[in-house]
Amino acid sequence: MFLYLDSVFAEARERVVRPLHTIPPTLAQLYQLAMREHLREGVLRWWSGGRWEVMPDWRFDRRVIRLALVLRERFEVQPGDVVYLGGALRPELIVAELAVTSLGAVALMADAALGGADLVEGLGAEAPKAALCPAAAWATPGFADVVPAGRAIALDAGAPPEAVAYGAALDLGGTLDTPERASALRAAARELAPTQPALRQLQRTPGGGLVVSDLSHGEVVAWARGHWEIEPAARGDVVYLAERAPSLTLRALVYAFIGDGHSTIALATPGREAAELRELRPGKVVAPAAVLAAVLARPSGPGGPG
């Protein structure tokens, strides 16, 4: 559970909603529109090596295309196939999810609270065609049986040697990324139906069972449209994302921010939230209640909320 609220740093700026005639019917089309029509420094920001890294829209788009080409050419992912994306939300997974959905495949994530046995059981039922996940996933008993490393991309070091490293996958995608292939991929993505499943979540029911829930391409866009009408964006908005546990609501919210063409998502660094809030002065904050409470409880001054 997380909270989404206007930050205390929100300023009185002109806020806009995409004109209704420009809102396309599918997530894939909305993504392509945002890459063409945007007013922001970059899509994502995250703290690394003592500074903020910024991924501009053009670089984000190239990575989506290259990863999609690798999934299609190397792992033979086709429309309707399931691709598992493991771990907490991070830049690589946000790129990967749009690559998967652009192919017409279904991006499957799992609740962070699921134990290893439940995750393996759920993945066994879903039979993913490919996967992108942290190296630690293969330490879970039975995981390698349902997600063989030979059809997976590893997000960090320490994975079995059969897995393709994320950086190597992007390099391979670069060799496939010809103008003809990229144009064909975009054209095919534009033809996806609004009813095509896009986002899938593996979660536990209140009774303790396992269930999967879906959002179609059209449902993600409808969710974004409703969000923009209530919480319109302003040019240069920074959205501070301290919630990283995947859920359908959080994932749809991320693509509403990407799709508005104005917002930059800043991924929080655990333990640095107070300093980052002071520095970034975000217009919106998405965070677990416990994180906000801890930040607000700190004294003002160095390290405090100020």
Taking [X] for the side chain and [Y] for the main chain, is one N or O donor matched with an acceptor at less than 3.5 Å?
X: E121; Y: L123; value: no
X: W223; Y: G218; value: no
X: E273; Y: G271; value: yes
X: S183; Y: E180; value: no
X: E219; Y: S216; value: yes

Discussion item. Using the rule given for side-chain contact (heavy atoms from CB on, under 4.5 Å), can you reason through F60 versus L44, listing the C-alpha separation, both sets of side-chain angles and the distance that settles it, and then say yes or no?
Written reply: CA-CA 8 Å; F60 186 88; L44 298 175; 3.9 Å; yes

Atom [atom1] of [X] and atom [atom2] of [Y]: how far apart are they, to the nearest 0.5 Å?
X: L119; Y: L210; atom1: CG; atom2: CG; answer: 9.5 Å
X: H38; Y: S263; atom1: NE2; atom2: OG; answer: 13.0 Å
X: L33; Y: Q29; atom1: CG; atom2: CD; answer: 9.0 Å
X: R45; Y: L280; atom1: CZ; atom2: CG; answer: 5.5 Å
X: T101; Y: L192; atom1: OG1; atom2: CG; answer: 8.5 Å
X: L71; Y: S102; atom1: CG; atom2: OG; answer: 10.5 Å

Practice prompt. Give a yes or no on this: more than 12 heavy atoms of other residues, nucleotides or ligands lie within 6.0 Å of atom CZ of R74.
Written response: no

For residues [X] and [Y], determine if any side-chain heavy atom of one lies less than 4.5 Å from a side-chain heavy atom of the other.
X: Y255; Y: L98; result: yes
X: I265; Y: Y240; result: no
X: L199; Y: D214; result: no
X: M109; Y: L202; result: no
X: W46; Y: R90; result: no
X: V120; Y: P141; result: no
X: L172; Y: V164; result: no

Worksheet item: R51 and E53: salt bridge (Lys or Arg N to Asp or Glu O under 4.0 Å), yes or no, with the steps?
Response: CA-CA 6 Å; R51 64 188 180 91; E53 298 283 349; 3.1 Å; yes

Worksheet entry | salt bridge (Lys or Arg N to Asp or Glu O under 4.0 Å) assessment of R200 paired with E126 | CA-CA 10 Å; R200 181 168 293 169; E126 288 295 308; 2.8 Å; yes

Short N-O contact, [X] and [Y], less than 4.0 angstrom:
X: R151; Y: E162; value: no
X: E279; Y: R281; value: no
X: K129; Y: E76; value: no
X: R186; Y: D61; value: yes

Could you tell me which non-hydrogen atom of [X] sits nearest to which non-hydrogen atom of [Y], and how far apart they are?
X: A131; Y: V147; result: CB-CG1, 3.4 Å
X: A107; Y: E97; result: CB-OE2, 3.5 Å
X: L27; Y: V221; result: N-CG2, 3.5 Å

If hydrophobic clusters are built by linking Ile, Leu, Val, Met, Phe, Trp and Tyr wherever their side-chain heavy atoms come under 4.5 Å apart, do [X] and [Y] end up in the same one?
X: V100; Y: L103; value: yes
X: V146; Y: V83; value: no
X: L89; Y: L67; value: yes
X: V43; Y: Y166; value: yes

Worksheet item: Is it true that H227 and F257 have ring centroids separated by less than 6.0 Å?
Response: yes

Worksheet entry | T269 versus E276, side-chain donor and acceptor atoms under 3.5 Å | yes

Worksheet item: Does W47 have R272 sitting over its ring (NZ/CZ under 6.0 Å from centre, angle to axis within 45°)?
Response: yes

Item to complete: Walk me through it: do D177 and L69 pass the test side-chain contact (heavy atoms from CB on, under 4.5 Å)?
Response: CA-CA 7 Å; D177 185 11; L69 289 170; 4.2 Å; yes

Discussion item. Name the residue from D111, L250, V212, L215 that meets the side-chain contact (heavy atoms from CB on, under 4.5 Å) definition with Q201.
Written reply: D111

Discussion item. Working note: L176 + R66, criterion side-chain contact (heavy atoms from CB on, under 4.5 Å); need CA distance, chi angles, decisive distance, verdict.
Written reply: CA-CA 7 Å; L176 300 171; R66 292 178 179 185; over 6 Å; no

Discussion item. Run Y31 and V64 through side-chain contact (heavy atoms from CB on, under 4.5 Å) and show every step you take.
Written reply: CA-CA 10 Å; Y31 163 69; V64 168; 3.4 Å; yes

